[in-house]
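Chain A is the first sequence line, chain B the second, and so forth, proteins listed ahead of strands; every chain is numbered from 1.
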Amino acid sequence: MDVARYVKDDKDVIQDVILSSGIHVKPRYGPEDLDAVGFDYQTDLGEPGQYPFTRNLFPQGYRTREWTTRQYTGFGTPRETNERFKLMISHGQTGLNVAFDLPTQMGLDSDHPMAEGEVGRVGMAVDSLRDFEVAFDGIDLHRVGAGLTINAVAAIMLAMYQAVGEKLGFDRTRISATPQNDILKEVVGRGAWIFPLDPAIRLIGDTIEYAIESMPRTNPVSVCGYHIRESGATPAQEMAYAFLIANAYIDEVVRRGYEPDRFVGRFSFNFNIFGNLWEQVAKFRAGRKVWARNLREKYGVENPRNLWLRGLFAGGGSGLTKAEPENNIIRGAYFALAAALSGAQTTALCSFDEAFTIPTPRAALLSLRTCQILMEEVGMRDTVDPLAGSYFVETLTKQMEDKICEEMAAIEDRGGIVECIRDGTVQQKLARQAYEFERELEAGRLVKVGVNKYASEEEQEVELHEYNEAWAEEKVRELSDLKRSRPARPAADALRALEGVARREENVMPALVACCKAYCTVGEMADVFRQVFGTFQEPRIF
Amino acid sequence: MARKIKVLVAKPGLDGHDRGAKVVAHAIRDAGMEVVYTGLHQSVEAIVQAAVQEDVDVIGLSIMTGGHLPICRKLVRLLREQGAQDKVILVGGVIPRRDFEPLRELGIEGIFPGGTPLEETVAFIREKCGDR
């Protein structure tokens with residue numbers, strides 16, 4: 001799940017290396033290893049920028065376009081978040097990645113009893129369009145794209161993004177949003193689900209359909225292997241489950257009569273980087289190939305651009321440690337190096353203090369600088385896919401491809417990903433693996449420096465982001481002011497119209513945009529869905 | 001035969017990161033105790049109700065967002081109201097050292113922030129419940 005396992009003899013000589021995905025690494029590799037795994041130059045590798053895209057999506061990689069940096073940002077009220085957005089953009093960040101607080105993620109307004117103590121804590125609190133007007137004030141939404149880390153209520157937030165764009169003078173056909181909008185991974189790993197799986201998947205279908213028709217620069221879904229890995233998946237499972245989840249969303253839209261070639265090019269992914277460098281690089285090279293082949297063979301996608309595994313490959317929190325937190329600065333730099341060697345199109349890096357809480361501005365900036373140094377000073381833009389042709393890396397890429405396909409087949413054999421998530425099969429498997437990983441770590445069979453090897457007694461003090469209770473009070477006050485001052489009739493009418501389309505199983509997006517423009521709150525819109533759809537019953541097995 | 005020690009593993013509040021809770025739940029089960037997992041998004045009221053209904057010996061809370069002090073304060077108060085103050089309370093997750101003392105003042109002795117060896121948590125439960 002994390003670092004490789006090293007089997008050593010009593011003289012500390014390494015006898016075996018077992019990667020998290022179960023692949024054994026040999027002490028040396030040569031041409032015979034490529035033969036042994038059946039490597040073929042044309043079908044397995046090919047040219048960068050050409051099918052199967054193992055080497056890169058683009059012929060010259062970072063020479064023509066360096067990666068987009070998109071640090072996860074947002075806390076407190078929209079005002080604080082707007083300031084932090086502007087700070088990061090002024091330091092050269094090229095995209096936004098908006099963090100919402102838990103009440104917003106769960107479709108609850110700031111004054112809901114369950115929101116107590118959580119308003120603005122782990123992200124920005126959003127109740128209505130008013131908040132987006134403040135958060136995106138002064139940002140050129142035609143130029144800067146925004147990732148929205150929102151899932152259960154992603155349809156609401158995408159509608160809100162269109163509404164704020166139009167309010168601030170940006171065209172819905174020119175703004176670019178990437179809502180995460182991946183509910184299946186929420187059920188597997190991150191837990192911010194609300195509605196039962198079937199209507200939740202239908203909402204995702206609505207956003208994709210709406211993006212096809214009305215928001216041509218928006219990427220309506222970002223499928224997240226990231227959180228699946230955080231929950232205990234191996235790198236091969238991370239890729240495999242994400243691809244199966246993406247297929248489930250594709251199936252939903254195909255069911256509505258759309259050709260895959262019309263929309264799959266808009267899918268993006270969010271993958272995790274920590275642990276063994278070689279395994280990460282092989283994972284991404286193999287992943288590009290498996291995804292392109294999946295789309296071509298299973299869905300008949302022909303346009304090469306639609307076969308791209310686009311996405312955010314980001315340094316992950318599970319690789320960090322609470323012990324000796326400054327070591328996380330170094331770990332992060334290696335994660336970012338792995339991202340660059342993997343040809344990440346977009347990147348972000350968890351900050352060294354994120355083993356504790358959301359980052360301080362200093363820590364967030366350090367992560368951004370880490371990514372910038374790789375591009376500007378270390379040589380990551382020199383040539384595309386610099387590890388190509390290595391006997392080791394090509395062998396490992398091929399083995400990783402086989403592992404990913406095995407993991408996909410295992411789930412398909414058990415009834416498919418939706419059923420395996422609905423009944424908790426996947427969650428149970430990952431929880432078991434997470435437990436075994438902890439056991440291995442405690443037994444010293446897996447090593448984390450500063451944790452179970454070379455650990456010092458000394459405690460490192462780091463400055464942490466402080467939560468300010470006053471933000472919640474301010475937010476609740478603003479919300480009650482909004483409900484008093486907005487025209488009541490249009491808001492009520494918009495919500496009633498939303499309920500109608502939800503019941504009739506029509507696309508909810510136009511009605512949501514109307515609700516947002518009438519200053520309905522996130523909680524009010526989510527409540528309509530709760531009434532119509534009910535809520536998800538979680539399998540409580542572990 | 002002595003009854004198995006029964007532990008409620010609970011995720012209070014809106015946070016859905018349950019990897020840690022499930023890892024600890026596995027460790028407790030492997031140590032021969034009975035574990036009930038509440039699932040996500042539980043109010044403190046619902047946790048207290050489950051603890052009373054299931055007649056557990058121990059309530060283990062997993063809290064990652066920083067809201068542990070108000071949550072624990074409420075839990076202790078509601079348990080007392082139910083006459084269930086004898087239950088051993090554990091809290092794990094992201095718990096900064098400076099909050100250890102305020103938690104102890106609430107009567108919570110079992111504080112196990114992320115990174116605590118699993119065996120320590122198990123041993124604590126055994127010590128507290130062993131003579132029941």
With a 4.5 angstrom heavy-atom cut-off, is it the side chain or the backbone of [X] that approaches chain A, or both, or neither?
{"X": "B:Pro70", "result": "neither"}
{"X": "B:Glu45", "result": "neither"}
{"X": "B:Ala21", "result": "neither"}

Check: B:Leu40 main-chain N/O paired with A:Glu538 side-chain donor or acceptor under 3.5 Å = yes

[X] atom [atom1], neighbour heavy-atom count above 12 within 6.0 Å:
{"X": "B:Glu101", "atom1": "CD", "value": "yes"}
{"X": "B:Arg29", "atom1": "CZ", "value": "yes"}
{"X": "A:Lys322", "atom1": "NZ", "value": "yes"}
{"X": "A:Glu116", "atom1": "CD", "value": "no"}
{"X": "B:Phe100", "atom1": "CZ", "value": "yes"}
{"X": "B:Glu105", "atom1": "CD", "value": "yes"}

Can A:Tyr435 and B:Asp30 be said to form a side-chain contact (heavy atoms from CB on, under 4.5 Å), step by step?
-> CA-CA 11 Å; A:Tyr435 174 55; B:Asp30 274 7; 2.9 Å; yes

For chain A, which candidate among [options] shows the most heavy-atom pairs at distances under 4.5 Å?
{"options": "B:Gly66, B:Pro113, B:Gly93", "result": "B:Gly66"}
{"options": "B:Arg97, B:Met64, B:Lys11", "result": "B:Arg97"}
{"options": "B:Ala27, B:Pro96, B:Pro12", "result": "B:Ala27"}

Residue part contacting chain B, namely of [X], when any heavy atom lies under 4.5 Å:
{"X": "A:Met106", "result": "side chain"}
{"X": "A:Thr321", "result": "neither"}
{"X": "A:Pro103", "result": "both"}
{"X": "A:Ile541", "result": "backbone"}
{"X": "A:Thr357", "result": "neither"}

Over all heavy atoms of both residues, which pair between [X] and [Y] is shortest? Give the atoms and the distance, please.
{"X": "A:Ala434", "Y": "B:Arg19", "value": "CB-NE, 3.6 Å"}
{"X": "A:Glu442", "Y": "B:Pro117", "value": "OE2-CA, 3.2 Å"}
{"X": "B:Thr65", "Y": "A:Arg121", "value": "O-CD, 2.7 Å"}

Roughly how far apart are B:His17 NE2 and A:His227 NE2, rounded to 0.5 Å?
-> 6.5 Å

For the residue pair A:Gln105 and B:Leu14, establish whether any side-chain heavy-atom pair is separated by less than 4.5 Å.
-> no

Are any of the side-chain heavy atoms of B:Lys22 and A:Gln427 separated by less than 4.5 Å?
-> yes

Quick one: do A:Phe542 and B:Asp18 satisfy side-chain contact (heavy atoms from CB on, under 4.5 Å)? Show the steps, please.
-> CA-CA 10 Å; A:Phe542 59 90; B:Asp18 58 0; over 6 Å; no

Name the orientation class of the two ring planes belonging to A:Trp193 and B:His41 (parallel below 30°, tilted from 30 to 60°, perpendicular beyond 60°).
-> tilted

